[in-house]
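Contents: one structure, followed by commentary.
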Amino acid sequence: MKKLRCVKGMHDILPEDISKWHYIENSFRALVGRYRYEEIRTPILEPLDLFIRGIGETTDIVEKEMYAFSDKGNAQLALRPEGTASVIRAFLQNNLDSISTISKLYYIGPMFRRERPAKGRYRQFYQAGAELIGVEEPSADAEIIAMAVHFVETLGIENVTVQINSLGDEDTRPRYRQALVEYFSKLQDNLCTDCIRRLDTNPLRILDCKVTGCAKAGAEAPSVLDFLTRDSSQHFEKLQEYLSLYNISFNVAPGMVRGLDYYTRTIFEIQGAGELLGAQSTIVGGGRYNGLVKQLGGRETPTIGFAFGIERLLLLLGEGANHLKSNFAFVAGVGNGDVTRAIIVAEQLRRSGINVDVPYKQGSLRAQLKRADKSGAVVAIIAGEDEYCRNAVTLRNLKTGEQQEVHLDTLAEKIRELM
RNA sequence: GUGAGAAUAGUUCAAUGGUAGAGCCCCGGCUUGUGGUGCCGGUUGUUGCGGGUUCGAAUCCCGUUUCUCACCCCA
């Protein structure tokens with residue numbers, strides 16, 4: 001029979017890696033908790049329309065990457081490709097604004113995009129993110145960026161850069177886009193074929209192109225910052241002052257663009273360096289989306305947030321986080337009634353809060369100790385016929401090989417000393 | 001959606017047109033109540049799948065599937 005495998009672009013997270021996932025998730029929860037953000041969990045399946053309206057009909061995500069389908073009742077559904085739209089939907093549906101004018105929410109969970117898989121990119125991948133809803137002031141932008149930066153720092157990931165930019169208000173983007181098209185159209189001979197196509201599809205991306213001709217042309221291109229309104233410009237200035245307050249170094253990257261339509265004013269990315277990430281460099285992305293709540297049927301509500309990809313963090317994390325496995329003991333039974341005796345002793349220890357493995361099947365003591373050693377147990381308890389008559393077992397330290405006979409009453413205590 | 005590379009034992013990899021092999025892992029023994037190191041022995045394959053060339057194909061050719069990486073775009 002053909003071997004079953006999981007769906008393309010999806011992956012299993014195995015026990016040997018899970019401690020890193022816990023480490024990342026726990027660190028994230030602890031960090032955003034300190035800023036008083038609270039967790040929200042939303043369904044993975046949402047009405048298709050939520051993402052079309054929220055993310056934008058012409059974005060790559062909606063146009064060609066969405067897992068969209070109709071169910072047996074003919075409802076149009078989609079697996080969520082990102083977290084923000086769902087959080088805002090839940091915010092509106094549950095009238096969270098009636099509880100407080102400011103909502104601070106975070107989420108962790110799987111997202112789905114039907115792309116061609118590559119290093120650091122999956123069709124089901126995990127994101128964790130935070131949203132600060134209801135604050136217009138640049139202090140909110142700064143807090144969001146600071147949390148993201150501090151989080152990456154907490155994990156011990158180095159060599160990252162913070163890129164920030166402002167896309168201005170709703171009217172800025174079309175005017176700027178127009179200006180870029182006019183500018184690059186005159187220089188078409190210098191552009192690569194990709195960028196000539198981008199002239200139609202996404203002229204902002206030309207600024208990101210690494211081909212020398214394009215980079216040269218891009219250097220003289222008009223800057224989005226010159227198209228900002230006075231308010232947006234001041235907002236951006238103020239943000240940079242706040243970031244200094246948080247002690248965060250950053251680059252202003254006027255060429256940076258983001259893939260979702262809903263962004264206004266501040267956008268930012270944290271990028272990792274080196275080959276660990278493959279062709280991917282963005283590990284955290286975020287920005288402000290003042291129009292989104294209204295777009296989804298609420299009243300105009302300023303909002304800013306970020307999300308990061310857990311798999312990408314994992315690529316940068318290395319082996320650092322794998323020390324979290326908890327120690328455990330192994331009970332071996334010997335002599336008449338060996339397995340039953342092992343189970344009785346094991347169960348007594350578990351009730352005292354110790355993690356214990358048992359051999360399940362009869363075997364020589366040698367075989368049992370071998371198994372104990374391979375499984376990584378720190379101590380072995382030999383529940384032998386002889387010592388059990390004295391209400392005792394043999395406690396063996398598997399690191400040093402030292403062993404002693406211990407009475408059952410003090411066994412748990414002695415084991416704790418060794419673990 | 002486009003392009004490139006890969007696919008042989010559970011795993012890592014050999015075998016350059018002539019009998020499919022090794023290390024590791026696993027299991028057993030040396031050691032009947034003492035693991036790790038050592039020694040001895042053992043299990044394991046439609047060479048991804050389908051076709052073609054050939055006396056003969058893991059090897060050459062065509063197709064196909066899957067994986068990986070890159071483009072596009074993004075976390």
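When reading the values below, keep in mind they use all heavy atoms of this one structure, side chains included, and skip hydrogens, waters and symmetry mates. Letters A, B, ... mirror the listed sequences (proteins, then strands); counts begin at 1.
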> How far does the P atom of B:rG3 sit from the matching atom of B:rU44, given to the nearest Å?
Replying inline: 43 Å
>> Classify A:Thr59 by what it touches in the nucleic acid, base, sugar-phosphate, or nothing, heavy-atom distance under 4.0 Å.
In response: nothing
> Is the ring centre of A:Phe125 under 5.5 Å from the base ring centre of B:rA75, and are the two planes under 30° apart, so that they stack?
Replying inline: yes
> If we take the C1' atom in both B:rC27 and B:rG10, what is their distance in whole Å?
Replying inline: 13 Å
> So what does A:Glu115 touch, heavy atoms closer than 4.0 Å: a base, only the sugar-phosphate, or nothing?
Replying inline: base
>> So, under a plain 3.5 Å distance rule, would you say the side chain of A:Arg371 forms a donor-acceptor pair with the base of B:rG35?
In response: no
>> Using the C1' atom as the point on both nucleotides, what is the distance between B:rG29 and B:rA22, in whole Å?
In response: 23 Å
> Under 4.0 Å between a Lys/Arg side-chain N and an Asp/Glu carboxylate O for A:Lys186 and A:Glu182?
Replying inline: no
>> Testing the basics here: between A:Glu137 and A:Arg288, what is the closest heavy-atom pair and its distance to 0.1 Å?
In response: O-NH2, 3.5 Å
> Does any nucleotide pair with B:rU68 by Watson-Crick or G-U wobble geometry, both distances under 3.5 Å, and what is it?
Replying inline: B:rA4
>> Over all strands shown, is A:Ile283 touching base, sugar-phosphate only, or nothing at heavy-atom distances under 4.0 angstrom?
In response: sugar-phosphate
> Quantified in whole Å, what is the C1' atom distance between nucleotide B:rA75 and nucleotide B:rC61?
Replying inline: 43 Å
> Who is the Watson-Crick or G-U wobble partner of B:rU59, with both distances under 3.5 Å?
Replying inline: none
> With respect to the phosphate group of B:rG36, does any side-chain polar atom (N or O) of A:Lys374 fall under 4.0 Å of OP1 or OP2?
Replying inline: no
>> Could you tell me how far B:rU37 sits from B:rU31 if I compare only their C1' atoms? Round to whole Å.
In response: 14 Å
>> Can you tell me whether the side chain of A:Gln403 and the base of B:rG33 have a donor-acceptor pair closer than 3.5 Å?
In response: no
>> For a 4.5 angstrom cut-off between non-hydrogen side-chain atoms, does A:Met111 reach A:Pro81?
In response: no
> Paired with B:rG45: which nucleotide, if any, by Watson-Crick or G-U wobble criteria at under 3.5 Å for both distances?
Replying inline: none
>> Between the base of B:rC69 and the side chain of A:Arg116, is one N or O donor paired with an acceptor at under 3.5 angstrom?
In response: no
> Is B:rG10 paired to anything, Watson-Crick or G-U wobble with both distances less than 3.5 Å, and if yes, which nucleotide?
Replying inline: B:rC24
> RNA chain B: A:Leu369 or A:Lys119, which has the more 5' nearest nucleotide?
Replying inline: A:Leu369
> Taking A:Glu385 for the side chain and A:Asn336 for the main chain, is one N or O donor matched with an acceptor at less than 3.5 Å?
Replying inline: yes
>> With a 6.0 Å cut-off (strictly less than), is the heavy-atom count around CZ of A:Arg41, excluding the residue itself, greater than 12?
In response: no
>> Can you work out whether A:Ala279 or A:Gly335 has the more 5'-proximal nearest nucleotide on RNA chain B?
In response: A:Gly335
> When the aromatic ring centroids of A:Phe250 and A:Phe268 are compared, is their separation below 6.0 Å?
Replying inline: no
> Does the base of B:rU34 carry an N or O that pairs as donor and acceptor with the side chain of A:Gln368 under 3.5 Å?
Replying inline: no
>> Partner lookup for B:rC39, please. Criteria are Watson-Crick or G-U wobble with both distances under 3.5 angstrom; report none if nothing qualifies.
In response: B:rG29
>> On the nucleotide B:rG35, are OP1 or OP2 found under 4.0 Å from the side-chain N or O atoms that A:Arg366 carries?
In response: yes
>> Is any side-chain heavy atom of A:Phe28 closer than 4.5 Å to one of A:Thr154?
In response: no
> For the side chain of A:Gln271 and the base of B:rA75, is some donor closer than 3.5 Å to an acceptor across the two?
Replying inline: no
> Which part of the nucleic acid, if any, lies within contact of A:Ile382, taking any heavy atom under 4.0 Å across all strands shown: a base, the sugar-phosphate backbone alone, or nothing?
Replying inline: base
> Counting any heavy atom closer than 4.0 Å, what does A:Tyr122 reach on the DNA or RNA strands: base, sugar-phosphate only, or nothing?
Replying inline: base
> Using atom P of each nucleotide, how far apart are B:rC67 and B:rC24 to the nearest Å?
Replying inline: 32 Å
> Given atom CG of A:Asp60 and atom P of B:rC71, what is their separation to the nearest angstrom?
Replying inline: 15 Å
